[in-house]
There are 2 protein chains.
Amino acid sequence: MPAAAATASGPGRRAGLDPDEVVAAALALVEAGGPEALTMRKLAAELGVGTTTIYWHVGSREELIAAVVRRRSEQQAATPIRGATPIDRIASVATHIMRGALDHPQVTTLAYQVGALSELEQPLEEALVAEIAAAGLRGRAAADALRAILLTVAGFIVVGLEDPATAKADARLFDRTIRAVIADRLPEEAS
Amino acid sequence: MPAAAATASGPGRRAGLDPDEVVAAALALVEAGGPEALTMRKLAAELGVGTTTIYWHVGSREELIAAVVRRRSEQQAATPIRGATPIDRIASVATHIMRGALDHPQVTTLAYQVGALSELEQPLEEALVAEIAAAGLRGRAAADALRAILLTVAGFIVVGLEDPATAKADARLFDRTIRAVIADRLPEEAS
DNA sequence: CAGTCTCTTGCACACTGTTCCAGATGCCCG
DNA sequence: CGGGCATCTGGAACAGTGTGCAAGAGACTG
C-alpha cells in the first residue's frame, strides 16, 4: 500500500487489497464457522471493505470457493508415504487422503458442496496413481484400482464429515476395509 | 370454497389441504428440479395457496424435508434379495441400496444435505443387518461388517450423485469392490 | 495538466426462510 | 339459534443471501 490512505474510506480510496488476502480471509472464515459462514458481506466486513470490492477481486462466490479449495489443496503438502510393501504404501496414501479431509472438515464440506472434492485431493491422488503404478498395475487395471480406492475413501470421508466423533473410531475399520479393496486389485505376489 | 369436508379430522377444517398433499407436491418439486427447487414460495404457488399455510401444515423447511425423505423411503419398497450364498445376498442388498439412491438422485442429495441419508436407507439397511446375521456374524463383528459395507456403499453413492453419467459405468466396479469388502468380513466357509 | 486505468463504494434487485397479525371458516356447547 | 373457540389462511414484513449498476476517488501515463 503505497499511499498513506489516512483519509476516511470512500469510493476510490485504496484499501490495498489483493485476491490472496481475500482467499486467506475466506479460508479462515470457513474453518472457523463452516461453509455457511462464508458470506460475501461477512467476508467484506472482516476485511474492512465494501461488499462489491470482493466481487471485483474474485469474481463470484463460486470462483472464490474454487480458489479457497485450491489454496487448501496446496497447504495439504506432500506427506511422507510409509510402508515397504505396495499394499502398505497404497493404504498409507489412502489414509492420508482421508485424514487430510477430516482434519479440515469445514473446507472439505465446502469443496464437496460445489463438486470440487476431486480437486481438493488432487495432489494426493497423483501420489496414489504413482504407488499403484509402482505396484505393477497398468492401463485399465490401474484405472479401476484407483477409482475403487478413491470411491471407498470417499465413503469414509463423507460419513466422517457428518459425524466427526465416530470418525476417529472408524480408523481401524477404514484400515482393514481399504486393505481389502487394495488386495483385491493387486497382483498375486503382494500380501 | 364450500365445505364438502366429510372426513374432517377436526373442527374448522375448510379447504382441502393436508400435510400429505404438501409432502407429495414437495417431493414432485424436488424430483423435477433438485433440492434448490424446493422453495416454500414455489411450493405454495404450486398448491395455489399462501406461503404461510405451508408453514402451518409442516412447521418448517427442515421438517418438510424430513417428511419428504420418509415418504421416499417408504416408496423404496422391499425389493427381492437374490443369491444363494451369503456373499451374494449381502452384495444384492448393497446393490439395491446404491441403485435406489442413484435412481432418485435429487431426493438422495436432499437427504444428504440435511444429514438424513441414513433414514432414507433405513429399510434396506435393516435387510442388510438380517443378511449379515444370516451369514453367521454376531455382535462386534456384525456391527463392523455392517458399517464397513455401508461406508463403502456411501462412497459410490456420493460420487455417483455428482456424476450420474459415469455412475452407470461404475456398476461393475461396485460389484467387485463390495464383494471384496464383504468377503473380508465373512467367516471362512463362504466363498 | 488532461486522460485513462484501477480499484472502491452505496444502492438496489430478486431471491430465500420465517414470523406476526388480522382475518376467515366451521364445529361444539349453552 | 348464537356465542365461543379451535382450526386454518394469507398479506406484509424482517433479516438474510448473491449479485449488478453506475458513480466516484486515486494513481499512473502522456
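- Between the CG atom of Asp18(B) and the C1' atom of dT9(D) there is a distance of 15 Å, given to the nearest Å.
- Atoms CD (Glu36(B)) and C1' (dG17(C)) sit 16 Å apart, rounded to a whole Å.
- Look at His57(A) and you won't find any side-chain N or O under 4.0 angstrom from OP1 or OP2 of dT6(C).
- The residue Leu38(B) sits close only to the backbone: its heavy atoms come under 4.0 Å of sugar-phosphate atoms, none of a base.
- Atoms CD (Gln113(B)) and P (dT16(C)) sit 15 Å apart, rounded to a whole Å.
- Per the geometry, CD belonging to Glu21(A) stands 13 Å off P belonging to dC7(C), to the nearest Å.
- Among the nucleotides dA12(D), dG18(D), dT17(D), the one closest to any side-chain atom of Tyr55(A) is dG18(D).
- Here Thr39(A) lies in heavy-atom contact (under 4.0 Å) with sugar-phosphate atoms only.
- Below the 3.5 angstrom threshold, one finds no donor paired with an acceptor across the side chain of Arg41(A) and the base of dG16(D).
- Counting only distance, with no hydrogens or angles, the side chain of Thr152(A) and the backbone of Ile178(A) share no donor-acceptor pair below 3.5 Å.
- An OP1 or OP2 oxygen of dG10(D) is reached within less than 4.0 angstrom by a side-chain nitrogen or oxygen of Thr53(B).
- Among the atoms of the strands shown, none is found under 4.0 Å from any heavy atom of Ile54(B).
- The only member of Thr85(A), Ile90(A), Ile132(A), Val181(A) that meets side chain to side chain contact (heavy atoms under 4.5 Å, CB included) when paired with Leu186(A) is Ile90(A).
- Between the NZ atom of Lys42(B) and the P atom of dA14(C) there is a distance of 15 Å, rounded to whole Å.
- Residues Trp56(A) and Val68(A) do not share a hydrophobic cluster, defined by chaining ILVMFWY side chains whose heavy atoms lie under 4.5 Å apart.
- When each of dC7(C), dC21(D), dC20(C) is scored by its nearest atom to the side-chain atoms of Trp56(A), the top-ranked nucleotide is dC7(C).
- Picking from dC8(D), dG10(D), dT17(D) the nucleotide with the shortest atom distance to the side chain of Val49(B) gives dG10(D).
- One atom, CZ of Arg61(A), and another, P of dT16(C), lie 17 Å apart when rounded to the nearest Å.
- Crowding of Arg99(B) atom CZ: a count of heavy atoms from other residues, nucleotides or ligands under 6.0 Å not exceeding 12.
- In terms of modelled atom types and a separation under 3.5 Å, the side chain of His96(B) and the main chain of Pro80(B) share a donor-acceptor contact.
- Whole-Å rounding puts the Met40(A) CE to dG20(D) P distance at 10 Å.
- Of the listed nucleotides (dA12(D), dT19(D), dC8(D)), dT19(D) has the atom at the smallest distance from the side chain of Thr51(A).
- Rounded to a whole Å, the CD atom of Glu63(A) is 14 Å from the P atom of dG18(D).
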